[in-house]
Undergrad: 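Got a structure for you, written out below as structure tokens; questions coming shortly.
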Amino acid sequence: MVEENSLYSLNHPELDWKGSSHPYSTTFTDIYYPIEGALQQSRDVFIGGNTIPERLQRRSNQADNSPLVIGELGFGAGVNFLATLQEWSQLQSPKHPLHYISVENAPLHPVDLKRALSAFPELSSFSEELLAQYPPPLRGAHRLHFARNQVTLDLLFQDALEAFESQSFTADAWYLDGFDPRRNDSLWNEKLFKIVR
């Protein structure tokens, strides 16, 4: 059992649900995702904007089997990851491996995560996989596997700058998805952006 406020654990965020399945952060006074069109935004802005399906398909035709690496600032409710996993699952075989690395300094409580993801029934099979493996809020890296180990999710539960200074990887694409810069300046600073490249 994780002891709240211990040296190794993080606190779950305080949320206001406003009577819906859409979490609102009282800390950053911002929503986790838009009430309308969140999944489409993820597909258009992050997946489509980074041409993820095309890049994965191209790589599947090459001899190099190193994974496509996606880095993300702010895992939140995991909507971007799950939408990416869904896109990956729809690709033609053979599928190229995918490595998704996301940082989160205030991981949702599993009960809250389940409630948030209930807003996306089309992702339910992937959500169930995530919920079954979702780690406790312990500082550091947590590795989760999906799709018979072809998709790896590294959840870095710690401050973004601290996390990426201690990691050694080069991302092929970045999802910059933290809260509004005016409300969460710790994710939007020059030192961090020099690392995120």
Side-chain angles (χ1 to χ4, degrees), residues 12-13 15 17 20-25 30-57 59-60 67-93 95-137 141-157 160 163 169 171-179 187:
H12 296 297
L15 305 176
W17 291 91
S20 73
S21 58
H22 297 85
Y24 176 87
S25 169
D30 203 358
I31 54 173
Y32 274 78
Y33 47 78
I35 293 174
E36 297 293 332
L39 196 51
Q40 194 59 48
Q41 179 189 61
S42 182
R43 290 174 177 145
D44 291 344
V45 175
F46 299 105
I47 298 167
N50 282 289
T51 62
I52 299 300
E54 295 84 356
R55 292 164 85 176
L56 283 166
Q57 203 66 63
R59 283 187 177 217
S60 69
L68 183 79
V69 179
I70 298 174
E72 179 183 47
L73 293 180
F75 186 74
V79 176
N80 287 335
F81 168 70
L82 294 173
T84 303
L85 180 59
Q86 182 186 50
E87 288 286 337
W88 180 92
S89 74
Q90 294 169 353
L91 293 172
Q92 296 175 4
S93 293
K95 299 186 197 305
H96 195 80
L98 175 67
H99 189 180
Y100 195 104
I101 304 166
S102 185
V103 67
E104 179 57 61
N105 200 32
L108 291 176
H109 189 282
V111 171
D112 291 328
L113 182 62
K114 184 176 182 178
R115 183 174 177 181
L117 292 176
S118 71
F120 308 99
E122 59 270 58
L123 297 177
S124 61
S125 61
F126 306 108
S127 299
E128 287 168 14
E129 271 193 274
L130 174 62
L131 289 163
Q133 302 180 65
Y134 194 66
H142 305 271
R143 178 158 285 180
L144 289 66
H145 296 284
F146 300 81
R148 298 181 183 175
N149 296 330
Q150 283 193 279
V151 177
T152 301
L153 168 63
D154 282 345
L155 278 177
L156 310 178
F157 283 171
F169 71 92
D172 298 295
W174 280 98
Y175 293 177
L176 304 180
D177 195 30
F179 289 117
L187 273 188

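For the numbers below, each heavy atom of this structure counts, side chains included, while hydrogens, waters and symmetry mates do not. Positions are given from 1 along the sequence.
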Undergrad: For Ala171 and Trp174, which heavy atoms make the closest approach, and how far apart are they?
TA: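 Smallest heavy-atom distance, with atoms named: CB-NE1, 3.5 Å.
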Undergrad: Specify the closest pair of heavy atoms between Leu156 and Ala141, including all atoms of both residues, with the distance to one decimal.
TA: CD2-CB, 3.6 Å
Undergrad: Write down the atom of Pro34, the atom of Ile31, and the distance for their closest heavy-atom approach.
TA: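 Pro34 and Ile31 have their closest heavy atoms at CA-CD1, 3.7 Å.
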Undergrad: How many angstroms lie between CD in Gln90 and CG in Leu85, if you round to the nearest 0.5 Å?
TA: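 If we round to the nearest 0.5 Å, Gln90:CD and Leu85:CG are 10.0 Å apart.
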Undergrad: When you compare the side chain of Tyr32 with that of Leu15, does any pair of heavy atoms fall below 4.5 Å?
TA: yes
Undergrad: Short question: side chain of His99, backbone of Pro67 - any donor-acceptor pair under 3.5 Å?
TA: no
Undergrad: Using a 3.5 Å distance criterion without hydrogens, assess whether the side chain of Trp88 forms a donor-acceptor pair with backbone atoms of His96.
TA: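 Yes, the answer is positive, given that a donor and an acceptor are paired below the 3.5 Å cut-off.
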Undergrad: Can you check whether Pro135 reaches Leu144 side chain to side chain, under 4.5 Å on heavy atoms?
TA: yes
Undergrad: For the backbone of Leu39 and the side chain of Ser42, can you confirm whether one donor and one acceptor N or O come within less than 3.5 Å of each other?
TA: no
Undergrad: Rounded to the nearest 0.5 Å, what's the gap from OG on Ser89 to CG on Leu98? Could you check?
TA: 11.0 Å
Undergrad: Between atom OG of Ser127 and atom CG of Leu113, what is the distance when rounded to the nearest 0.5 Å?
TA: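 If I round to the nearest 0.5 Å, the distance is 8.0 Å.
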Undergrad: Do His12 and Asp112 come close enough that some side-chain heavy atom pair is under 4.5 Å?
TA: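 No; the side chains remain at least 4.5 Å from each other.
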Undergrad: Is there a side-chain contact between Arg43 and Gln86, using heavy atoms and a 4.5 Å cut-off?
TA: yes
Undergrad: Could you check Leu117 against Leu123 for side chain to side chain contact (heavy atoms under 4.5 Å, CB included), going step by step and ending with a plain yes or no?
TA: CA-CA 8 Å; Leu117 292 176; Leu123 297 177; 5.7 Å; no
Undergrad: Indicate yes or no for a side-chain donor-acceptor contact from Arg55 to the backbone of Asp172 under 3.5 Å, with no hydrogens or angles considered.
TA: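 Yes.
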Undergrad: Around atom CD of Gln92, are there more than 12 heavy atoms from other residues, nucleotides or ligands closer than 6.0 Å?
TA: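 No, because the 6.0 Å sphere around CD of Gln92 holds 12 heavy atoms or fewer from other groups.
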Undergrad: For Tyr134, give me all partners under ring pair (Phe, Tyr, Trp, His ring centres under 6.0 Å), at least two apart in sequence or on another chain.
TA: none
Undergrad: Ring-plane angle category for Tyr100 and Phe81, please: parallel below 30°, perpendicular beyond 60°, tilted otherwise.
TA: perpendicular
Undergrad: With ring-ring contact (aromatic ring centres under 6.0 Å, His included) as the test, would you mind laying out the steps for His22 and Tyr33 before giving the verdict?
TA: CA-CA 7 Å; His22 297 85; Tyr33 47 78; 5.5 Å; yes
Undergrad: Rounded to the nearest 0.5 Å, what's the gap from CG on Leu153 to CZ on Arg143? Could you check?
TA: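 One finds 9.5 Å between CG of Leu153 and CZ of Arg143.
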Undergrad: Indicate the atoms forming the closest heavy-atom contact of Pro13 with Ala106, along with that distance.
TA: CD-O, 3.4 Å
Undergrad: Side chain to side chain contact (heavy atoms under 4.5 Å, CB included) for Phe169 and Asp154? Distances and angles first, verdict last.
TA: CA-CA 12 Å; Phe169 71 92; Asp154 282 345; over 6 Å; no
Undergrad: Measuring from atom CG of Leu56 to atom CD1 of Ile47, what distance do you get when rounded to the nearest 0.5 angstrom?
TA: 10.5 Å
Undergrad: Report the distance from atom CD of Glu128 to atom NZ of Lys114, rounding to the nearest 0.5 Å.
TA: 8.5 Å
Undergrad: Using a cut-off of 6.0 Å, state whether more than 12 heavy atoms not belonging to Lys95 lie near its atom NZ.
TA: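 For Lys95, atom NZ is crowded (more than 12 foreign heavy atoms under 6.0 Å).
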Undergrad: Would you say Glu104's side chain and Phe75's backbone share a donor-acceptor pair under 3.5 angstrom?
TA: yes
Undergrad: Looking at Asn50, Thr84, Asn80, which hits side chain to side chain donor-acceptor pair (under 3.5 Å) with Tyr175?
TA: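 Passing option: Thr84.
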